[in-house]
Amino acid sequence: MTVYDLHCHSTASDGMLSPRELVERAAGMGVDYLALTDHDELSGLPEARAAAEASSVRLVHGVEVSITWHGRTIHVVGLNVDPDDPILKNGLAHNRNGRAARAERMAEELERLGIPGALEGAYKFAGNKDLIGRTHFARYLVEKGVVKDVKTVFKKYLIKGKPGYVHHEWAGMEEAIRWIHAAGGQAVLAHPGRYQIGRESTRLLLSEFKHMGGEAIEVVTGSHTPDQIPVFADLAVEFGLMASVGSDFHAPGEGGRELGRLQSLPAKCRPVWSTW
Ligand code: AMP
Ligand code: MN
Ligand code: MN
Ligand code: MN
C-alpha cells in the first residue's frame, strides 16, 4: 500500500524539524509521498527536495496558505505547486508581510496579561524570522511555564475570543486559489472539521471553495476526530471535491499526529492524487 502524507511543517514555518530532518523522518515512517506544506512559505522546498532525492520519499511541493473567509482564518493547501512561480511567490510574500506587526500586537496583549518578553521569546523559536506565528508564541509560553502544553496555550490565549488573539486579514479565498492555480497546483481545503463554524457554515465554505475552483478537501487529517472522517468523506462526494490525507505534523512529542500514521481514505472518496 502506498503511504501518502500531504500536509506537514518544517522550520521554514512553525515546525521543529528542518526540511531534511522531516524527509528523513518520513522515510523512517514508511511514507512514500510527502508534501511539505509550510505556512505561506516555499523556502523549505529546495532542502526537502535534495533530501528526498537521497531517500525513498517522493516529495510533493506544497504550501499552506492562510486566508480570511467571512472574517475567519481558514487554511488552503496547494499541492504540486511550482516553487518558482512569480504570482504564487509574490502572493505569499504579501501574506507574510503582516506577520511581524501582528506578532508585536500579540506580545502587547500578552504583556497586558502579565506575560512579558513574549516577542523576543517567540522569535527565539522561529527558525524563519519572516514567518513568526502563534505556534512560536505557544512554545515560549510553555517554556516559561505559563501553560503546560501547546494545545492549552491555544485554548486559553491564542484563538479567536481569547485575550492574546489578534485578528489579521489574510488573502481572500479566490486570491489564494488563483495563486495556487497560477503555479500549476491543486487547491485543497485544509482540515475543514477544525473551524468550529457549525454545519451550515461548513457547507457554505465547501460550496464557495468549489465554486472558486478548489479541487479537494482534507478528509483524513491529524486535525479530524475519527467520527469526522466519514462526515467529510460524504461532503467531499456531495460537493464534487477530491479528498486528501495529511498528518499536519509539526514536531515530535508536541501532541500532534506522527508523519504517515493515518488511516486510509474511505472507498467512496476520489483521492487528490488520482490525477497525478
Ligand atoms: P498562525 O498562522 O500564526 O495563525 O498559526 C496557525 C498555527 O497555529 C496552526 O498552523 C497550528 O500549527 C497552530 N494552531 C492553531 N490552532 C491550534 C490549536 N487549537 N491547537 C494547537 N495548535 C494550533
Ligand atoms: Mn502550524
Ligand atoms: Mn492549518
Ligand atoms: Mn498545517
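Note that ligands are numbered from 1 as they come in the structure, with each ligand's atoms numbered from 1 the same way. Treat the numbers as computed from the prediction; the structure is a model and nothing was measured.
- With rounding to the nearest 0.5 angstrom, the CD atom of E21 is 10.0 Å from the OG atom of S10.
- We find that K268 and D234 are joined by a salt bridge, their nearest charged nitrogen and carboxylate oxygen being less than 4.0 Å apart.
- Aromatic ring orientation, H250 versus H39: tilted (interplanar angle from 30° to 60°).
- Looking at D248 and the Mn ion (ligand 4) together, the shortest N, O or S contact belongs to OD1.
- D248 and T221 share no side-chain donor-acceptor pair at under 3.5 Å.
- Ring geometry for H224 against F232 counts as parallel: the plane angle stays under 30°, on a 0 to 90° scale with 60° as the upper cut.
- The Mn ion (ligand 3) sits nearest to atom ND1 when only the N, O or S atoms of H75 are considered.
- L189 and V60 fall within a single hydrophobic cluster, where Ile, Leu, Val, Met, Phe, Trp and Tyr are joined by side-chain heavy atoms under 4.5 Å apart, directly or via other members.
- Look at H7 and the Mn ion (ligand 3): no N/O/S atom of the residue is under 2.8 Å from the metal.
- Among the atoms of E64, an N, O or S atom falls under 2.8 Å from the Mn ion (ligand 3).
- In summary, H250 places an N/O/S atom under 2.8 Å from the Mn ion (ligand 2), meeting the contact criterion.
- Taking backbone and side-chain atoms together, H191 has an N/O/S atom less than 2.8 Å away from the Mn ion (ligand 3).
- Looking only at its N/O/S atoms, D14 has OD2 as the one nearest to the Mn ion (ligand 2).
- The Mn ion (ligand 2) is closest to atom NE2 of H39 (considering only N, O or S atoms).
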